[in-house]
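The structure appears below as structure tokens.
First the proteins, then the strands, lettered A, B, ... as listed; each starts at 1. In this text, all values refer to a predicted model and were calculated from it rather than measured experimentally.
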Amino acid sequence: MSDRPSSTTRERRVSPNFITEVIDEDLRQRRYPKIVTRFPPEPNGYLHIGHASSICLNFGLALDYGGECNLRFDDTNPETESIEYVENIKRDVQWLGFQWARELYASDYFEKLHEFAVQLIKDGKAYVDSLSDEEISAYRGTVTEPGRPSPYRDRSVEENLDLFTRMRNGEFPNGAHVLRAKIDLANRNMKLRDPVLYRIVHASHYHTGDAWCIYPLYDFAHPLSDALEGISHSICTLEFENNRAIYDWLLENLRGKCGLPHSPRPYQYEFARRNLDYTMMSKRKLIRLVEGGFVKGWDDPRMHTISGLRRRGVTPEAIREFAKRIGVAKAENRVDLATLEAAIRDDLNYRAPRVLAVLKPLKVGLTNYPEGKVEHLEAPSWPYDVPRQGSRTVPFSRDLYIERDDFIEQPPKGFHRLTPGGRVRLRHGYVIRCDEVVKNSAGEIVELRCTYDADTLGKNPADGPPKGTIHWVSLPHAVPAEVRLYDRLFSVPDPEAGAGGFTDCLNPKSLIIVEGHVEPSVLQNPRDTRYQFERLGYFWQDPADSRPDRLIFNRIVTLRDSWTKATEKPTAVARTPAQAGPSAESTPTVAPPRTVETKPVGAQPGAQADLTLKQQATYTRLRALSIGEADAMVLAREPRLEAYFEEAARGGNAAAIARWVVNELGPAIRTGPAKVAPARLAALVGLLQDGAINSRIAKDVLTEALETGAHPVEIVERKGLRQVSDAGAIEPIVERLIAENPDKVRAYRSGKTAVAAFFVGQVMRDTQGRANPQVVQNLVTRKLAGS
RNA sequence: UGGGGGAUCGUCUAAGGGUAGGACGACGGGCUCUGGACCCGUUAGUGGGGGUUCGAAUCCUCCUCCCCCAGCCA
């Protein structure tokens, strides 16, 4: 596919991201024998383009790291799941080009999961609650108020065991009891307020039949399924961040029990689901689209389901490329549809042979072409820039169809197509001139009478090349075909944003069906050939509806079209303020350049005013020690930091020590006793004040001391980290770097002065931070200036 | 109001104290028997204030805005 296959070997499937960083580190530490991921769909709907990101991530990671990825159906809710979904999900994953190591079902673990639940009960960490669902909800409290324990929370282990057994035996109706984890009803994380682990559901399950009438919930089944499978990295979406606490609680309480290995255990990582402009990803709403008849099924080519994209003609390669381009991250996002389209076009450009087809025909009669004559013109299937071989012949005759849009009686400026009296090149054929426009009684154009220039096949006419080239088909030879022109299903970028009423923003033009005419060569090609209809877009035969005697084409994606875009521009009203520019009528009330009122620092909102009386006193005292306002503020508010500071500052240097305590040691002190004692920090700061070391050395040393607990001054001694301020020692390094980077020097001299920082950084690196940065700075600036 | 996350060109995403880079888009040009492709160029960004540092997207601090959590769904 690629024209540079040599460079694509060993290319990563997943671009580096925060998860690959975790994996790299885990591999360095040898925490797992191998990387094992899983793609865990619930079989209650079809996969969509959003799932494709997750699939490419999980399977791609396994491929990149030589690990494995399982396909696991998260089928713990018998009421919404079905085998139809299972089969389609499998088909979609395989079609995308991935093969799972193992095909698994959470429901296959039901017996094991039950055993875990019993273990939790025996350990006093789970109990049967007999409150109704409304009561449980009420007892759980709210985000601002703690919950209260259920009156059943302290049942004995025996009673819990008995009740749980009877739940399993089907002695109770739905909702009579649930099994809950005994965690903490006052926890600030709502998810930890005794989450429900099992509920009674008298329903048969597509996979386990009627074997069970109690079913585990996601929060219980998921982490344990991961652990059972030996998953190393359990990747899910952002909305499960709070659930991670349950994940960890369960694994910490059950690891090493019931045959579960103590270690390694899986950990959960969350990434942001990708949102695509003009599409919906919510399964619930997708179902409404299908069941409400707004589309013609899950594989309607307007749907961004995997099956819809497949039927539309998009290739798995294009989808994978798209997933790779948009990447993986944790920020909320809304991906431009143009990104998907670009990935599709890039793929199809090298895959789709070119043919000629006319979608909205306008008859052209060549008055000087012999009646009954037919020529078979040789036409390459690929443009010169696509390195592929192949051609076909296209019949040419007296009567043709051209695209209606390619003729305008009164053309706008810049129109390069056919006009009255104008000339145009017929793609792979002759140059023609329009002599006459034939209209019907209603004034509509029904035919063009043209003459062709017989001496223009493969060469330009004597009077110069025509402005444009248009596509055409020979009328008597054309193959009629239904052509389905698909456009975005919704007319707004975020159809899910509105309060439920996505039906208001359906695009009425999302499907336009036209009767088109295709050159006859398509009859010779395999049915699943994807074509470029030149100047129109990429098309292929609808895999479900097209028949040899009745061709039906789907438009996969249009070609980029800078002409239409340019002509439509005036209608686009949106004009950014930046474009308004100075030429806009200058209003007398021009806003002055934003005046930034510089408030006294202490008057920042939320600053001194919020201090308690005691903190005020501390603040004042610290300020008297000539400690900066910001530092004094932090110390006044945080007793732990303040205590540390007091001890460290006994020998003086209060202001400098305050800076170090606040800016460098804050996190370490807050989370416990820092590994660097106050007196040791003071000693380090002393070296810095004496100029023996610079702040770069001090920071590096402090970082190391914080990790190892070593004495910072001893680190300085051991490594011989003395600051080098002698310009004579530094100069050769600067000169060498300048000699080695002529391009950077040039950039600097042409105005890009920021490059100086590059040289400073290099010198600092070369000297392991020992050079005096000010000296370096001066040297670099002087040398770069060209002295 | 509690807790958990997040914020970098229009969009998506890199840079983890040392030149803010790439992709998509937009704009301009070249080339062209596709107003496609390709090539070249331009545009444009660190949410805000303060601090630390020779140097801050990155470290500290205060603030703002956005998302998620009160299913016996996943």
Practice task
Establish, with yes or no, whether the OP1 or OP2 oxygen of B:A26 is under 4.0 angstrom from a side-chain nitrogen or oxygen of A:Arg560.
Solution key: yes
Problem - Salt bridge A:Arg535-A:Asp406, side-chain N to carboxylate O under 4.0 Å - result: yes
Exercise for the section: May I ask you to evaluate whether A:Arg696 reaches the phosphate of B:G18, defined as a side-chain N or O under 4.0 Å from OP1 or OP2? Expected result: no
Fill in the blank from the handout: Ranking B:U13, B:C24, B:A20 by distance to the side chain of A:Arg274, first place goes to B:U13
Practice task
Please evaluate the base of B:G36 for a donor-acceptor partner in the side chain of A:Asp385 within a cut-off of under 3.5 Å?
Solution key: yes
Fill in the blank from the handout: For RNA chain B, the dot-bracket notation using Watson-Crick and G-U wobble pairs below 3.5 Å, [ ] for pseudoknot-type crossings and | for other-strand pairs, is .((((((..((((....[..)))).(((((.......)))))....(((((..]....))))))))))).....
Handout entry: Basic-acidic side-chain contact under 4.0 Å: A:Asp405, A:Arg417
Key = no
Exercise for the section: Check whether more than 12 heavy atoms from other residues, nucleotides or ligands sit under 6.0 Å from atom CZ of A:Arg334, and answer yes or no. Expected result: yes
Practice task
Using the C1' atom on both, measure B:U1 against B:C60 and round to a whole Å.
Solution key: 27 Å
Exercise for the section: Could you check A:Glu638 against A:His222 and say which one's nearest nucleotide on RNA chain B is further toward the 5' end? Expected result: A:Glu638
Problem - Touch class at under 4.0 angstrom, heavy-atom based, for A:Asn243 against every strand present - result: base
Practice task
Anything under 30° is parallel, anything over 60° is perpendicular, the rest tilted; go ahead and classify A:Phe164 against A:Tyr198.
Solution key: perpendicular
Handout entry: Side-chain-base donor-acceptor pair under 3.5 Å for A:Glu664 and B:U52
Key = no
Exercise for the section: With the side chain of A:Leu559 defined as its heavy atoms from C-beta on, choose the nearest nucleotide among B:U34, B:G18, B:C24. Expected result: B:U34
Exercise for the section: Between B:C60, B:U34, B:C73, spot the one nearest the side chain of A:Arg535, thanks. Expected result: B:U34
Fill in the blank from the handout: Side-chain contact check for A:Arg354: nearest option of B:G36, B:C73, B:G25 is B:G36
Practice task
Determine the Euclidean distance between corresponding C1' atoms of B:C9 and B:G47; express it in Å to zero decimal places.
Solution key: 14 Å
Practice task
Give a yes or no on whether the ring-centroid distance for A:Tyr218 and A:Phe240 is below 6.0 angstrom.
Solution key: yes
Handout entry: base_contact_polar (B:G51 base, A:Asn663 side chain, donor-acceptor, <3.5 Å)
Key = yes
Practice task
Determine the contact category for A:Asp133: base if any of its heavy atoms lies under 4.0 Å from a base atom, sugar-phosphate if only primed atoms, P, OP1 or OP2 are that close, otherwise nothing.
Solution key: base
Problem - Residue A:Asp74, side-chain heavy atoms: nucleotide from B:G2, B:G71, B:A74 that is nearest - result: B:A74
Completion exercise
Side-chain contact check for A:Arg659: nearest option of B:G35, B:U53, B:A74 is B:U53
Exercise for the section: Taking only the side-chain heavy atoms of A:Ser137 (C-beta and beyond), determine which of B:G71, B:U11, B:C69 contains the nearest atom. Expected result: B:G71
Practice task
Using a 4.0 Å heavy-atom cut-off across all strands, classify A:Val760 as base, sugar-phosphate, or nothing.
Solution key: base
Problem - P gap between B:C59 and B:C66, integer Å - result: 24 Å
Exercise for the section: Could you tell me whether a side-chain N or O of A:Lys330 sits under 3.5 Å from a main-chain N or O of A:Leu238, the two making a donor and an acceptor? Expected result: no
Problem - Sugar-phosphate, base or nothing in reach of A:Asn242, heavy atoms under 4.0 Å - result: base
Exercise for the section: Kindly point out which of B:U34, B:A26, B:U53 is positioned nearest to the side chain of A:Lys699? Expected result: B:U53
Practice task
Give, for atom CZ of A:Arg193 and atom CG of A:Leu185, the distance between the pair rounded to the nearest 0.5 Å.
Solution key: 7.5 Å
Problem - Verify stack between A:His416 ring and B:G35 base, 5.5 Å, 30 degrees - result: yes
Problem - Touch class at under 4.0 angstrom, heavy-atom based, for A:Gly175 against every strand present - result: base
Practice task
Determine the Euclidean distance between corresponding P atoms of B:C67 and B:C12; express it in Å to zero decimal places.
Solution key: 15 Å
Practice task
Select base, sugar-phosphate, or nothing to describe what A:Glu534 touches, counting heavy atoms under 4.0 Å on all strands.
Solution key: base
Problem - Whole-Å C1' distance, B:A57 and B:G6 - result: 15 Å
Practice task
Look at all strands and tell whether A:Thr142 reaches a base, only sugar-phosphate, or nothing, counting heavy atoms closer than 4.0 Å.
Solution key: base
Practice task
May I ask you to say what A:Gly468 touches in the nucleic acid, namely base, sugar-phosphate or nothing, with a heavy-atom cut-off under 4.0 Å?
Solution key: nothing
Fill in the blank from the handout: Of the listed B:C54, B:A56, B:C60, the closest approach to the A:Pro773 side chain comes from B:C54
Handout entry: Nearest-Å distance once atom C1' is located in both B:A74 and B:U8
Key = 33 Å
Practice task
Would you indicate what A:Phe240 reaches in the nucleic acid, counting non-hydrogen atoms under 4.0 angstrom: base, sugar-phosphate, or nothing?
Solution key: base
Exercise for the section: Pick base, sugar-phosphate or nothing for A:Gly537, based on heavy-atom distances below 4.0 Å to the nucleic acid. Expected result: nothing
Practice task
For B:U42 versus B:G10, give the span between their C1' atoms, rounded off to a whole number of Å.
Solution key: 16 Å
Exercise for the section: Determine the contact category for A:Leu179: base if any of its heavy atoms lies under 4.0 Å from a base atom, sugar-phosphate if only primed atoms, P, OP1 or OP2 are that close, otherwise nothing. Expected result: nothing
Handout entry: Touch class at under 4.0 angstrom, heavy-atom based, for A:Tyr384 against every strand present
Key = base
Practice task
State whether A:Arg140 places a side-chain N or O below 4.0 Å from either non-bridging phosphate oxygen (OP1 or OP2) of B:C72.
Solution key: yes
Practice task
Pick base, sugar-phosphate or nothing for A:Val634, based on heavy-atom distances below 4.0 Å to the nucleic acid.
Solution key: sugar-phosphate
Handout entry: Whole-Å P distance, B:A23 and B:C38
Key = 12 Å
Practice task
Report the relative orientation of the aromatic rings in A:His416 and A:Trp563; use parallel for angles under 30°, tilted for 30 to 60°, perpendicular for over 60°.
Solution key: parallel
Practice task
Would you please determine if the base of B:A74 is stacked by A:Tyr218, with stacking meaning a centroid separation under 5.5 angstrom and planes under 30 degrees?
Solution key: no
Problem - Atom pair CG/CZ of A:Asp226 and A:Arg72 - distance to nearest 0.5 Å - result: 4.5 Å
Exercise for the section: Answer yes or no: does a side-chain N or O of A:Thr339 lie under 4.0 Å from OP1 or OP2 of B:A23? Expected result: no
Exercise for the section: Have a look at A:Glu332 and say if it touches a base, only the backbone sugar-phosphate, or nothing, with a 4.0 Å heavy-atom cut-off. Expected result: sugar-phosphate
Fill in the blank from the handout: The glycosidic conformation of B:G5, counting syn as within 90° of 0 and anti otherwise, is anti
Handout entry: Short side-chain to backbone donor-acceptor contact, A:Asn333 and A:Arg273, under 3.5 Å
Key = yes
Handout entry: Pairwise 5' ranking along RNA chain B for A:Leu426 and A:Asp631, keeping only the more 5' one
Key = A:Leu426
Practice task
Calculate the interatomic distance between A:Met633 atom CE and B:G50 atom C1'; express it in whole Å.
Solution key: 11 Å
Problem - Backbone N/O of A:Ser15 and side chain of A:Asn17: donor-acceptor pair under 3.5 Å - result: yes
Exercise for the section: Go through B:G25, B:C54, B:A20 for me and flag the one nearest to the A:Ala754 side chain. Expected result: B:A20
Could you pull out the protein-nucleic contacts involving nucleotides 14-16 of chain B (nitrogen or oxygen on both sides, under 3.5 Å)?
{"residue": "B:A14", "atom": "OP1", "partner": "A:Val328", "partner atom": "O", "Å": "3.4"}
{"residue": "B:G16", "atom": "O6", "partner": "A:Glu21", "partner atom": "OE1", "Å": "2.4"}
{"residue": "B:G16", "atom": "O6", "partner": "A:Glu21", "partner atom": "OE2", "Å": "2.5"}
{"residue": "B:G16", "atom": "N1", "partner": "A:Glu21", "partner atom": "OE1", "Å": "3.0"}

